[in-house]
Amino acid sequence: MTSPVRVRFAPSPTGFLHVGGARTALFNWLYAKHTGGKLILRIEDTDKARNTVEAVQVIYDGLKWLGLDWDEGPGVGGDHGPYFQSERDAVYQRYLEKLQAADAVYLDDKGSTRFKLPRKPIVMEDLVCGRVEVDRSKPINPLGDLEPDMTIRRPDGSWIFHFVNVVDDIEMGITHVIRGEDHLSNTPKHIELYQALGATPPLFAHIPLILNRSGGKMSKRDQGASVQQYIDDGYVPEAVANYLCLLGWSPKDNREKIALDEVASLFELDKINRRNAAFDPDKCFWLNGQYIQQMPLERFRALCQPVLEHAGLPIGGFPNDYLDGVLASVKEKIKLFKDLPAWTSYFFTDDFPFDEEAVTKTLRAPGAPERLQQLAAHLETLPAEGWNHDAIEAAFKDLAAQAGVKTAAFIHPARVAASGRSVGPSLYHLLALLGQEKVLARLRAAASK
RNA sequence: GACCCUAUCGUCCAGCGGUUAGGACAACGGACUUUCAUUCCGUGAACCCGGGUUCGAUUCCCGGUAGGGUCGCCA
């Protein structure tokens, strides 16, 4: 009697997509993929004060960037809409009437609507946490007071999360609720609401929280907390998604890098860890580097192009071969795409910055200008059609041998002269790519800088 | 405070009623290298404590402790 799996991600538009939320979305997505079920995106915008179109866009952007698509919800529609809680008032009204008919709610002295919490033990079979029993008939303080009844509607008519969340999960036919463990303690109350509404509760899977490096709950301020930060820093989306999978889940064969498709095929809710995991920015960064190194050049180019264009570099004015040559030369070096313009601008413009320290330490070193002149004169003798890596390397070595110095004595000033930096791709590759004419001009310009 | 969840290197993830407790990140040392990065090799680093069960517990049970969560007219 298994009905098709329907899971949902139900964020509140706060203008911020938290990695914890992103991982919740990811786990829901993985489970939908694993079971061939559907993922529903529902926007929980009952708090009018902070509900803006920009705030909702942040959610779409973050999910899409991570490669997480949804089967029903904003932008794609579906049979269970609308998918914004702010547009579902009539639905909530109808369900409220059900509770009223059952005499399960009352108005308090402030005009709030409250749900009469049944004071009885509740047993939950959580797919991650196992059997959890909560006895709500026990007092919560030394005075012997029971927990107050749950407010479900404010005097101004707006709805409270617990109620609309349950109603929507019923209406949308949600079969599995996969959410953060911070909701585990709320779940008994939700179950009582389901029962009062005559609905069968879905299955629950409460996934562990993501902690910061100090062991506390990740907050907005913690490093790595915002998905937007990864986008801005130029992380590889599949690397971040991969890293998030590793927090609380494992392929159990010691692999770290694993494609999302394969995770989906292996993903089982009862294999999710129960313990909270601290977020490790270093490991996420390392994994990102692994992805860059191992990805095909086509993917690298696709990720690089918008960054270079955004930086105002005229990459469109260069042949594809040239662009690919440049990108290939830095592919093993770049760790974050935000660093890309600094690593490659000199390939696309003559108006590139010079690193001050490199200038003073290398370009202005005793003898450096003379060597640059010598080098220019020597490289000038290479025939234009012989301008390639091996010929350039041979030229450097010949010159160094003649001068009786180490090749490095020419290499370092040449690098700074040609690129403005002391770090970069293999120098001979760099010069070969740049072309003889530009190289000679830059060596000579730098000699008199 | 009450209730709930959790407990293996600093961190993440394995593991097991008998193991030299494994891998990864980070750290440290070395090799390679024209820079940077990569790569390679190596080193240090863990079963929270106390009871029980058992021939034997890191592993199972109970208690403690610690951490996290919930107890909102936030979601």
Side-chain angles (χ1 to χ4, degrees), chain A residues 10-14 21 44-47 49-50 85 108 110-114 124 126 128-130 132-136 138-148 150-156 158-162 164-165 179-189 206 208-209 211 213-217 243 245-257 273-287 289-290 292-293 330-335 343 358 362 393 396-397 400 406-412 414-416 419 421-428 430:
Chain A
S12 177
T14 60
E44 306 221 329
D45 54 351
T46 56
D47 186 348
R50 46 185 193 181
Q85 291 188 330
D108 70 6
K110 286 181 234 158
S112 306
T113 307
R114 313 193 94 176
M124 305 180 277
D126 192 275
V128 174
C129 300
V132 178
E133 190 171 348
V134 177
D135 186 352
R136 312 192 64 74
K138 287 179 182 167
I140 61 163
N141 65 27
L143 299 176
D145 294 336
L146 293 176
E147 191 176 340
M150 180 165 57
T151 307
I152 63 171
R153 192 181 203 185
R154 302 182 186 91
D156 68 0
S158 59
W159 306 94
I160 303 297
F161 158 75
H162 300 287
V164 292
N165 185 268
R179 62 185 4 172
E181 199 208 82
D182 48 345
H183 286 298
L184 183 61
S185 295
N186 289 145
T187 303
K189 291 189 283 191
H206 286 94
L209 267 19
L211 309 179
R213 282 192 288 187
S214 325
K217 187 178 176 182
Y243 177 71
C245 289
L246 264 23
L247 255 25
W249 179 87
S250 151
K252 300 205 183 287
D253 56 8
N254 285 338
R255 278 183 298 168
E256 313 291 329
K257 184 168 180 273
N273 251 172
R274 296 188 194 184
R275 62 189 289 223
N276 293 161
F279 187 89
D280 184 351
D282 288 332
K283 188 157 182 177
C284 185
F285 182 76
W286 168 81
L287 192 58
Q290 295 293 302
I292 290 180
Q293 280 174 40
V330 297
K331 184 166 171 287
E332 313 301 317
K333 314 277 183 176
I334 291 287
K335 294 304 227 33
W343 277 77
T362 307
E393 177 172 6
F396 267 78
K397 290 190 169 160
K406 289 198 279 187
T407 317
F410 286 96
I411 284 174
H412 296 308
R415 175 184 297 287
V416 177
S419 72
R421 295 159 56 89
S422 57
V423 299
S426 155
L427 182 71
Y428 306 129
L430 189 163

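Heavy-atom basis, side chains included; hydrogens, waters and symmetry copies ignored. Just so it is clear: chains get the letters A, B, ... in the order the sequence lines come, proteins before strands, and each one is counted from 1.
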**Q** Base, sugar-phosphate, or nothing for His206(A), non-hydrogen atoms under 4.0 angstrom?
**A** nothing
**Q** When the P atoms of rA2(B) and rU43(B) are considered, how many whole Å apart are they?
**A**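 Approximately 49 Å lies between the P atom of rA2(B) and that of rU43(B).
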**Q** Could you go through nucleotides 29-34 of chain B and list every protein N or O atom that sits under 3.5 Å from one of its N or O atoms, giving the distance for each pair?
**A**
{"residue": "rU34(B)", "atom": "O2", "partner": "Arg415(A)", "partner atom": "NH2", "Å": "3.0"}
{"residue": "rU34(B)", "atom": "N3", "partner": "Leu427(A)", "partner atom": "N", "Å": "3.3"}
{"residue": "rU34(B)", "atom": "O4", "partner": "Ser426(A)", "partner atom": "OG", "Å": "2.8"}

**Q** Say you pick atom C1' in rU11(B) and the same atom in rU53(B); how far apart are they, in whole Å?
**A**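 So the two C1' atoms sit 34 Å from each other.
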**Q** Has Thr151(A) got a side-chain N or O lying under 4.0 Å from the OP1 or OP2 atom of rC73(B)?
**A**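 Thr151(A) to rC73(B) OP1/OP2: side-chain N or O found under 4.0 Å.
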**Q** Can you tell me how far P of rU70(B) sits from CG of Leu146(A), to the nearest Å?
**A** 21 Å
**Q** Check the pair Phe279(A), Leu247(A) against side chain to side chain contact (heavy atoms under 4.5 Å, CB included), reporting the backbone distance first and the verdict last.
**A** CA-CA 8 Å; Phe279(A) 187 89; Leu247(A) 255 25; 3.9 Å; yes
**Q** What nucleic acid atoms does Asp145(A) come within less than 4.0 Å of, heavy atoms only: base, sugar-phosphate, or nothing?
**A** nothing
**Q** Looking only at heavy atoms, which two atoms of Leu430(A) and Arg415(A) are closest? And how far apart?
**A** CD1-NH1, 4.1 Å
**Q** Is it the case that rC36(B) (base atoms only) and Lys333(A) (side chain only) share a donor and an acceptor within less than 3.5 Å, ignoring hydrogens and angles?
**A** yes
**Q** Atom CH2 of Trp343(A) and atom C1' of rA37(B): how far apart are they, to the nearest Å?
**A**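 So the two atoms are 6 Å apart, to the nearest Å.
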**Q** Restricting to side-chain hydrogen bond (donor to acceptor under 3.5 Å, both in side chains), what partner residues turn up for Thr187(A), sequence neighbours left out?
**A**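 Per chain and number, Thr187(A) pairs via side-chain hydrogen bond (donor to acceptor under 3.5 Å, both in side chains) with Arg179(A), His206(A).
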**Q** With no hydrogens and no angle check, is any side-chain donor or acceptor of Asn273(A) less than 3.5 Å from a backbone partner on Arg275(A)?
**A** no
**Q** In whole Å, what separates the P atom of rC9(B) from that of rU58(B)?
**A**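 Comparing P positions in rC9(B) and rU58(B) gives a spacing of 15 Å.
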**Q** Using the P atom as the point on both nucleotides, what is the distance between rU8(B) and rC61(B), in whole Å?
**A**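 My reading of the P atoms in rC61(B) and rU8(B) gives 16 Å.
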**Q** Would you mind telling me which of rC4(B), rC71(B), rG69(B) lies closest to the side-chain atoms of Asn186(A)?
**A**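 Looking only at heavy atoms from C-beta outward on Asn186(A), the closest nucleotide is rC71(B).
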**Q** Taking the P atom of each, how far is rU39(B) from rA46(B), in whole Å?
**A**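 After rounding to an integer number of Å, I get 26 Å for this pair.
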**Q** Whole angstroms only, please: what is the CD-C1' distance between Glu332(A) and rC36(B)?
**A**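 In whole Å, rC36(B) C1' lies 13 Å from Glu332(A) CD.
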**Q** Please figure out whether Arg154(A) or Arg255(A) has its closest RNA chain B nucleotide nearer the 5' end.
**A** Arg255(A)
**Q** Within this structure, what is the CG-to-P distance between Asn141(A) and rA2(B), rounded to whole angstrom?
**A**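 So the two atoms are 10 Å apart, to the nearest Å.
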**Q** What's Gln290(A) touching, base or sugar-phosphate or nothing? Going by heavy atoms closer than 4.0 Å.
**A**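 Contact class for Gln290(A): sugar-phosphate only.
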**Q** Please enumerate all residues that pass ring pair (Phe, Tyr, Trp, His ring centres under 6.0 Å) together with Tyr428(A), with sequence neighbours excluded.
**A**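 With neighbours one apart ignored, the set is His389(A), Phe396(A).
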**Q** Suppose we screen for side-chain hydrogen bond (donor to acceptor under 3.5 Å, both in side chains). Which residues come up paired with Gln85(A), at least two apart in sequence or across chains?
**A**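 Here the qualifying residues are Glu44(A), Asp168(A).
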**Q** When you compare rU65(B) with rG44(B), how far apart are their P atoms, in angstrom units rounded to a whole number?
**A** 36 Å
**Q** Can you tell me which stems RNA chain B forms when a stem means 3 or more consecutive Watson-Crick or G-U pairs under 3.5 Å?
**A** B:1-7 with B:65-71, B:10-13 with B:22-25, B:27-31 with B:39-43, B:48-52 with B:60-64
**Q** List for me each residue that meets side-chain hydrogen bond (donor to acceptor under 3.5 Å, both in side chains) alongside Lys406(A), sequence neighbours excluded, and say none if there are none.
**A**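 side-chain hydrogen bond (donor to acceptor under 3.5 Å, both in side chains) list for Lys406(A), sorted by chain: empty.
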**Q** Can you check the distance between rG22(B) and rA45(B), where both ends of the measurement are the C1' atom (answer in whole Å)?
**A** 14 Å
**Q** Could you tell me the separation between the CD atom of Gln293(A) and the P atom of rC36(B), rounded to a whole number of Å?
**A**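 To the nearest whole Å, that distance equals 16 Å.
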**Q** I want to confirm an ordering. Mapping Val134(A) and Gly424(A) to their closest nucleotides on RNA chain B, which one lands closer to the 5' end?
**A**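 Going by which nucleotide is closer to the 5' end, it is Val134(A).
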**Q** Please classify the nucleic acid contact of Lys138(A) as base, sugar-phosphate, or nothing, using heavy-atom distances under 4.0 Å.
**A**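 No contact at all - Lys138(A) keeps every heavy atom at 4.0 Å or more from the nucleic acid.
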**Q** With sequence neighbours left out, write down each residue that passes ring pair (Phe, Tyr, Trp, His ring centres under 6.0 Å) with Phe410(A), or none if nothing qualifies.
**A**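 By the ring pair (Phe, Tyr, Trp, His ring centres under 6.0 Å) rule, Phe410(A) matches no residue at all.
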**Q** What's the closest nucleotide to the Lys335(A) side chain, out of rG69(B), rA75(B), rU38(B)?
**A** rU38(B)
**Q** Can you tell me the distance, in whole Å, between the CE atom of Met150(A) and the P atom of rC73(B)?
**A**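 So the CE-P distance, Met150(A) to rC73(B), works out to 10 Å.
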**Q** Mind checking salt bridge (charged side-chain N to carboxylate O under 4.0 Å, His left out) for Lys283(A) and listing every partner two or more places apart, or none if nothing turns up?
**A**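 Once residues adjacent in sequence are excluded, the partners of Lys283(A) under the salt bridge (charged side-chain N to carboxylate O under 4.0 Å, His left out) criterion are Glu256(A).
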**Q** Closest to the Trp286(A) side chain: rC5(B), rU70(B), rC25(B)?
**A** rC25(B)
**Q** By ring pair (Phe, Tyr, Trp, His ring centres under 6.0 Å), which residues pair with His183(A), not counting sequence neighbours?
**A**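 Partners of His183(A) under the ring pair (Phe, Tyr, Trp, His ring centres under 6.0 Å) test: Phe161(A).
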**Q** Expressed as a whole number of angstroms, how long is the span from Phe161(A):CZ to rG72(B):P?
**A** 14 Å
**Q** Under the rule for salt bridge (charged side-chain N to carboxylate O under 4.0 Å, His left out), what residues qualify as partners of Arg154(A), not counting sequence neighbours?
**A** none
**Q** For Asn254(A), which residues count as a side-chain hydrogen bond (donor to acceptor under 3.5 Å, both in side chains) partner, sequence neighbours excluded?
**A**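 Once residues adjacent in sequence are excluded, Asn254(A) has no partner under the side-chain hydrogen bond (donor to acceptor under 3.5 Å, both in side chains) criterion.
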**Q** Does the base of rC73(B) carry an N or O that pairs as donor and acceptor with the side chain of Ser112(A) under 3.5 Å?
**A** yes
**Q** Using a 4.0 Å heavy-atom cut-off, write out nucleotides 6-16 of chain B from 5' to 3' as B (base contacted by protein), S (sugar-phosphate only) or - (no contact).
**A** SSB--BBSSS-
**Q** Separation of Lys189(A) atom NZ from rC3(B) atom P, in whole Å?
**A**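 Taking NZ of Lys189(A) and P of rC3(B), I get 16 Å after rounding.
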**Q** Does Thr46(A) have a side-chain nitrogen or oxygen under 4.0 Å from the phosphate oxygens OP1 or OP2 of rA75(B)?
**A** yes
**Q** Has the side chain of Asn141(A) got a donor or acceptor atom that lies under 3.5 Å from a matching backbone atom of Gly144(A)?
**A** yes
**Q** In whole angstrom, give me the gap between the C1' atoms of rG23(B) and rA14(B).
**A**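 Between the two C1' atoms, the distance is 7 Å.
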**Q** Any Lys/Arg nitrogen of Glu181(A) or Arg274(A) sitting under 4.0 Å from an Asp/Glu carboxylate oxygen of the other?
**A** no
